[in-house]
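Numbered from 1 within each chain, the chains take letters A, B, ... in sequence-line order.
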There are 2 protein chains.
Amino acid sequence: MELPKYITNNIKLSPQKEAELYSYFEKLKFKKGEFLYEQGSVCRSIFFIKEGLARAFYYSDSGKEITGWFALENEFITAFDSFYYKTVTNINCELLEDTILYALSTADLELLLEKDHDFAKIAFNILSQITMNIVEFMGTLKFQTAKERYLFLTEKHPQIPQRVTLQHIASYLGITRETLSRLRAEL
Amino acid sequence: MELPKYITNNIKLSPQKEAELYSYFEKLKFKKGEFLYEQGSVCRSIFFIKEGLARAFYYSDSGKEITGWFALENEFITAFDSFYYKTVTNINCELLEDTILYALSTADLELLLEKDHDFAKIAFNILSQITMNIVEFMGTLKFQTAKERYLFLTEKHPQIPQRVTLQHIASYLGITRETLSRLRAEL
DNA sequence: GTTGTCGTGTGACCTATATCAAAAAATGAA
DNA sequence: TTCATTTTTTGATATAGGTCACACGACAAC
């Protein structure tokens, strides 16, 4: 495997250390429709997507699926509070395509943090990216019209409307599929 | 100063190191209404609130204030993407009460990360808390009725409705003050 | 082929919430 | 205290978007 440069930036690892770092990541393959973690369980890994696409969502009180964010190639995804505190999550993470990813378990992250100063810095960078992805998707969601939010998404993440069904996009935007359908008809 | 135990958990620092750690934090006092950072500038610090209350918000295209999240005592707040990448932010952070806080600059955080393994672990814990605060406030905002969202907020963060004006709560919930006022009249 | 499933589109109707406007209440300064 | 400013409430009306119901097209399985 290879972590993107934004993670190892400024941190020079000897070949042995690099090999050791990568040995903590487990390569996994999933089929479209499978889950990385589900509500009611503890999310025990951080996932780095090599190929494919994941969606994090939860159910509202009224039972509707609400998509919180997506993660694409070269991005990390996890239920961070669950991962960190080892508590039960209420988030589900579904793969929307056949996906290849690298998983880093809580235990191994803790090892990385403890074992070596450079590894701890890398752990910090990984968490930075997770935070960034969440902040990114959170932005500009409230208080605009549905059309504005849709246009913002297509502009900022053009890949997503191409690879994700309209239902999931609608649930991310906080509107119904019907409204999204009508809204697209107007464009 | 003293950082909360959730930050220094499991990390034993000698008194000298602890003193060194705290020397990186600068104690600052702000008056109600002042800003920690503003859109169009780079956010150059992580702020740890000792006493007081801050609100992070941005302006929608139509010029409305949209509150993203709040930070109370013993919590951290920053515009993380701006802080980390040293880019211009579009977020404003306003103090809603007279506030005493400790600021850690980007440069000093980088120093902490580099200088010492234990300090790097502490930096990781700080970032964990920032992430947690954001994730926390993001949850359960889409696709519920305004009343459900308000009740969720009052239950999860009862301090906030007590200390924050209705306008700011409304802008956090993504509704107008009028709607929030009517909704409260019904309860 | 036929059938089933899944994603999307369209129509009719309804309700939650926005908007505009203006009156009360609360807060703070002189 | 009094006056000015800010915040909250209330009312009347308009609208974005929800709900329900059903039709259409694309695939996959048989």
Measure from the side chain of [X], starting at C-beta and using heavy atoms only, and say which of [options] lies closest.
X: B:Thr176; options: C:dT8, D:dT8, C:dT19; value: C:dT19
X: A:Lys64; options: D:dT19, C:dT19, D:dT10; value: D:dT19
X: B:Ser181; options: D:dT8, C:dG9, D:dG18; value: D:dT8

Spacing of [X] atom [atom1] relative to [N] atom [atom2], expressed in whole Å:
X: A:Leu180; N: C:dG7; atom1: CG; atom2: P; answer: 14 Å
X: B:Ile175; N: C:dT15; atom1: CD1; atom2: C1'; answer: 16 Å
X: B:Lys31; N: C:dG28; atom1: NZ; atom2: C1'; answer: 14 Å
X: B:Gln167; N: C:dA25; atom1: CD; atom2: C1'; answer: 14 Å
X: A:Arg184; N: D:dG17; atom1: CZ; atom2: P; answer: 16 Å
X: A:Leu173; N: D:dG17; atom1: CG; atom2: C1'; answer: 13 Å
X: A:Arg177; N: D:dC22; atom1: CZ; atom2: P; answer: 15 Å
X: A:Ile66; N: D:dG18; atom1: CD1; atom2: C1'; answer: 14 Å

Q: Could you tell me whether A:Tyr102 and A:Phe47 have their ring centroids closer than 6.0 angstrom?
A: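 A:Tyr102 vs A:Phe47: aromatic centres not under 6.0 Å.
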Tell me if the [atom1] atom of [X] is crowded by more than 12 foreign heavy atoms within 6.0 Å.
X: A:Glu34; atom1: CD; result: yes
X: B:Lys17; atom1: NZ; result: yes
X: B:Arg163; atom1: CZ; result: yes

Q.
A:Phe35: which residues meet the side chain to side chain contact (heavy atoms under 4.5 Å, CB included) condition with it, sequence neighbours left out?
A.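 Testing A:Phe35 for side chain to side chain contact (heavy atoms under 4.5 Å, CB included), a comparison that skips the adjacent residues, returns A:Glu38, A:Phe57, A:Asn92, A:Glu94.
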Measure all distances between protein nitrogen or oxygen atoms and nitrogen or oxygen atoms of nucleotides 11-16 of chain D, and list the pairs falling under 3.5 Å.
from	atom 1	to	atom 2	distance (Å)
D:dG11	N7	B:Arg182	NH1	2.9
D:dG11	O6	B:Arg182	NH2	3.3

Q | Aromatic ring pairing A:Tyr6/A:Phe76, orientation class (parallel under 30°, perpendicular over 60°, tilted between) | A |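 Aromatic pair A:Tyr6/A:Phe76 classed perpendicular.
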Q.
In terms of relative ring orientation, are B:Phe119 and B:Tyr24 parallel, tilted or perpendicular, with 30° and 60° separating the classes?
A.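 B:Phe119 vs B:Tyr24 ring planes: perpendicular.
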Q. Quick one: is A:Thr179 getting a side-chain N or O under 4.0 Å of the D:dG18 phosphate, OP1 or OP2?
A.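 Yes, A:Thr179 has a side-chain N/O under 4.0 Å of OP1/OP2 on D:dG18.
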